[in-house]
Trainee: 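Following this message is one structure expressed as structure tokens.
A quick note: this is a predicted structure, and the numbers were derived from the prediction, not measured.
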Amino acid sequence: MPINHNQRGFATLTLSVLLLSIIILATLYTARFKAQEQRVMRNHAASQEAHLVADAALEQVIMLIDSDRDNLTRTINGVIAGATYTANTIGTRINDTPRGDIDLVDITVAGQSADGRGQRTFRQSIAVMPLIRSAPDVPIAIRGAMNVSGSFQVVANPNGGGDGVPLSIWTSDDVDINGNGTTCGQQEFDQGNCASLPFSERGDHGVDILDNDPNFPDDLMMYLFGIEEANWTDSRAMATAEYANCDSLNAASTGLIWISGSCALSSGQIGTEENPVALVIQDGDFRINGSMEIFGMVFAFRTPGNIATYDFKMNGGAVIQGAVMANFDPDLSNGNLTARYNAQVLNNVVTNDAFRRVYRVGGSWHDF
């Protein structure tokens, strides 16, 4: 049967409508797919941005803690490149560890992208630990013998040997006083009566001198810093400053100061009672000629394998307020040694921010 023109036109129109509908549906599907793809990409970019913000914020928070190691529990809000973050830190004190009293700080950082779409949360624990495990409880401690043929005054820790038991000198070998010197109490020294009211003097070895002690630590580096003597470079790496000599030291000096060589001083002051020094003299002589006063701890350290003998001489009214330690027999002949136990100075050597360091706790980082 012949097809008329109307039927042919209707079929063409129907086919065109169907094709147009397919094109419209394909276009709508493509547009919807692209929109979804763009949302996924934006969310991914926001998540990546939040990740970067949280990571940078964590580093920033650790630096803030390092700059103020006393304020360990707090909330910190910040902005990085237009993106915000909030950090909460919780500090917990742990006492009597092998590294002394430490503070464990748990950090939680929530970072957002600038548009607020992405958020990431990081957690990390850090430890704030003292460089020096505990304050020495004696003004002079020597791994070896102490043979004094010059003059000296040593002012005891009134409770160094126990409650009410003074302790002036602590050694692993003999203490031989051949010169003109005395040990005495804090009050006697303040009143100028150290020579007339001594604890110990030539020919009279008092209870304040603990020599030939079998319990004297084999490793003074370990005793002080918690680091074996064989790994002494690890202690040096923690120093606030390292010098070849003591020429640049003054009253503003504080922290762990490492001298790789001899130290010769004349007059003046190093450190203060509030901000003392821990002065390590590595493989060198220590000589003072003049009215020098040092607040802190002086550690004469001879590296393993070195058998040289080094001088430890103080003349002209020089005083060490704190403690003197050596891991060898220092040559104390023909000099004047005045060392006074100062509890406040030695406590500050342990607790001041200049003597504490921030370490990350291994395995503590996670992002969930």
Side-chain angles (χ1 to χ4, degrees), residues 95-101 129-146 152-163 165-173 175 183-186 189 199 208-211 213 215-229 232 235 238-239 254-258 270-282 286 293-302 312 314 319-330 332 337-352 354-356:
N95 297 317
D96 300 324
T97 75
R99 285 294 303 271
D101 298 339
M129 297 193 293
L131 292 175
I132 298 171
R133 296 168 64 181
S134 62
D137 53 9
V138 59
I140 295 181
I142 294 175
R143 176 68 192 170
M146 181 174 173
F152 73 91
Q153 284 186 320
V154 181
V155 187
N157 175 358
N159 301 300
D163 190 20
V165 180
L167 185 61
S168 301
I169 301 172
W170 182 34
T171 66
S172 63
D173 294 324
V175 172
T183 67
C184 64
Q186 299 280 336
F189 182 80
F199 289 147
D208 64 307
I209 296 178
L210 179 58
D211 60 352
D213 184 8
N215 296 316
F216 195 96
D218 293 329
D219 189 334
L220 277 181
M221 182 68 71
M222 173 63 75
Y223 175 80
L224 287 172
F225 299 102
I227 296 173
E228 292 183 356
E229 189 176 86
W232 63 271
S235 295
M238 297 188 298
T254 189
L256 175 60
I257 298 176
W258 197 282
I270 296 176
T272 64
E273 186 170 78
E274 296 77 18
N275 296 291
V277 298
L279 188 60
V280 178
I281 312 298
Q282 175 208 326
F286 180 74
E293 189 168 22
I294 298 175
F295 289 88
M297 181 186 73
V298 177
F299 178 32
F301 174 64
R302 188 171 64 185
F312 200 109
M314 300 168 60
V319 178
I320 294 177
Q321 294 271 4
V324 177
M325 309 185 81
N327 70 335
F328 60 94
D329 301 349
L332 300 172
L337 172 64
T338 302
R340 181 179 189 178
Y341 178 83
N342 189 315
Q344 185 60 54
V345 165
L346 294 174
N347 179 69
N348 290 340
V349 165
V350 175
T351 60
N352 278 13
F355 298 94
R356 300 204 295 167

Trainee: Mind checking the CG-OG spacing from Leu210 to Ser172? Nearest 0.5 Å is all I need.
Mentor: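 Leu210 CG to Ser172 OG: 10.5 Å, rounded to 0.5 Å.
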Trainee: Side chain of Glu293, backbone of Ile270: donor and acceptor closer than 3.5 Å?
Mentor: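 Such a contact is absent between Glu293 side chain and Ile270 backbone.
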Trainee: Would you check, one step at a time, whether the test side chain to side chain contact (heavy atoms under 4.5 Å, CB included) holds for Tyr341 with Leu346?
Mentor: CA-CA 8 Å; Tyr341 178 83; Leu346 294 174; 3.4 Å; yes
Trainee: So do Asn157 and Pro136 actually touch side chain to side chain, heavy atoms under 4.5 Å?
Mentor: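 No, their side chains stay 4.5 Å or more apart.
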Trainee: Apply salt bridge (Lys or Arg N to Asp or Glu O under 4.0 Å) to Asp218 and list each qualifying residue two or more places apart in sequence or on a separate chain.
Mentor: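 Only Arg143 meet the salt bridge (Lys or Arg N to Asp or Glu O under 4.0 Å) criterion with Asp218.
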Trainee: Quick check for you: to the nearest 0.5 Å, what is the distance between Ile294 atom CD1 and Thr338 atom OG1?
Mentor: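 If I round to the nearest 0.5 Å, the distance is 11.5 Å.
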Trainee: Step by step, work out the side chain to side chain contact (heavy atoms under 4.5 Å, CB included) result for Phe152 and Ile140.
Mentor: CA-CA 12 Å; Phe152 73 91; Ile140 295 181; 5.9 Å; no
Trainee: What pair of heavy atoms forms the shortest contact from Val350 to Arg133, and how long is it?
Mentor: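 Of all heavy-atom pairs spanning Val350 and Arg133, the closest is CG1-O, 4.5 Å.
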Trainee: Please round to the nearest 0.5 Å and tell me the distance separating atom CE of Met129 and atom CG of Asp101.
Mentor: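 Spacing of CE (Met129) from CG (Asp101) equals 12.5 Å.
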Trainee: Among side-chain atoms of Arg340 and Gln153, is any donor-acceptor pair under 3.5 angstrom?
Mentor: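 Not at all, the side chains of Arg340 and Gln153 share no donor-acceptor pair under 3.5 Å.
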Trainee: Please report the closest heavy-atom contact between Ile132 and Met297, naming both atoms and the distance.
Mentor: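 So the two residues come closest at CD1-CE, 3.8 Å.
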Trainee: Knowing that exactly one of Val298, Ile142, Leu224 qualifies, which makes a side chain to side chain contact (heavy atoms under 4.5 Å, CB included) with Met325?
Mentor: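 Testing each of Val298, Ile142, Leu224 against Met325, the sole residue satisfying side chain to side chain contact (heavy atoms under 4.5 Å, CB included) is Leu224.
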Trainee: Checking side-chain hydrogen bond (donor to acceptor under 3.5 Å, both in side chains) for the pair Glu273/Gln321: CA distance, chi angles, key distance, verdict?
Mentor: CA-CA 8 Å; Glu273 186 170 78; Gln321 294 271 4; over 6 Å; no
Trainee: When you measure from the side chain of Asp213 to the backbone of Thr171, do you find a donor-acceptor pair of N or O atoms at a distance under 3.5 Å?
Mentor: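 The answer is no, because no donor-acceptor pair under 3.5 Å joins these two groups.
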Trainee: So Asn327 and Met221, do their side chains get closer than 4.5 Å, heavy atoms only?
Mentor: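 No, every pair of side-chain atoms sits at 4.5 Å or beyond.
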Trainee: Please give me the minimum heavy-atom distance between Asp211 and Val175, naming the atom from each residue.
Mentor: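 Scanning both residues, the minimum pair turns out to be OD2-N, 3.2 Å.
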Trainee: Please give me the minimum heavy-atom distance between Ser168 and Val154, naming the atom from each residue.
Mentor: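 For Ser168 versus Val154, the nearest heavy atoms are O-CG1, 3.5 Å.
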Trainee: Return the orientation label for the Trp258 and Trp232 ring planes: parallel under 30°, perpendicular over 60°, tilted otherwise.
Mentor: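 Ring orientation, 0 to 90° scale: parallel.
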Trainee: Please report the closest heavy-atom contact between Pro276 and Phe355, naming both atoms and the distance.
Mentor: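 For Pro276 and Phe355, the tightest heavy-atom pair comes out as O-CZ, 3.2 Å.
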Trainee: Hey, does the side chain of Asn352 reach the backbone of Glu274 with a donor-acceptor pair shorter than 3.5 angstrom?
Mentor: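 The answer is yes, because a donor-acceptor pair under 3.5 Å joins these two groups.
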Trainee: If the plane angle is over 60° it's perpendicular, under 30° parallel, otherwise tilted; pick one for Phe299 and Phe225.
Mentor: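 Tilted: the ring planes of Phe299 and Phe225 meet at 30° to 60°.
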Trainee: List the atom of Trp170, the atom of Pro217, and the distance in Å for their closest heavy-atom pair.
Mentor: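 Looking at all heavy atoms of both residues, the shortest contact is CH2-CD, 3.4 Å.
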Trainee: I need the Leu256 CG to Leu131 CG distance, nearest 0.5 Å.
Mentor: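 One finds 5.5 Å between CG of Leu256 and CG of Leu131.
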Trainee: Starting from the C-alpha separation in whole Å, work towards a yes-or-no answer on side chain to side chain contact (heavy atoms under 4.5 Å, CB included) for Val324 and Phe286.
Mentor: CA-CA 11 Å; Val324 177; Phe286 180 74; over 6 Å; no
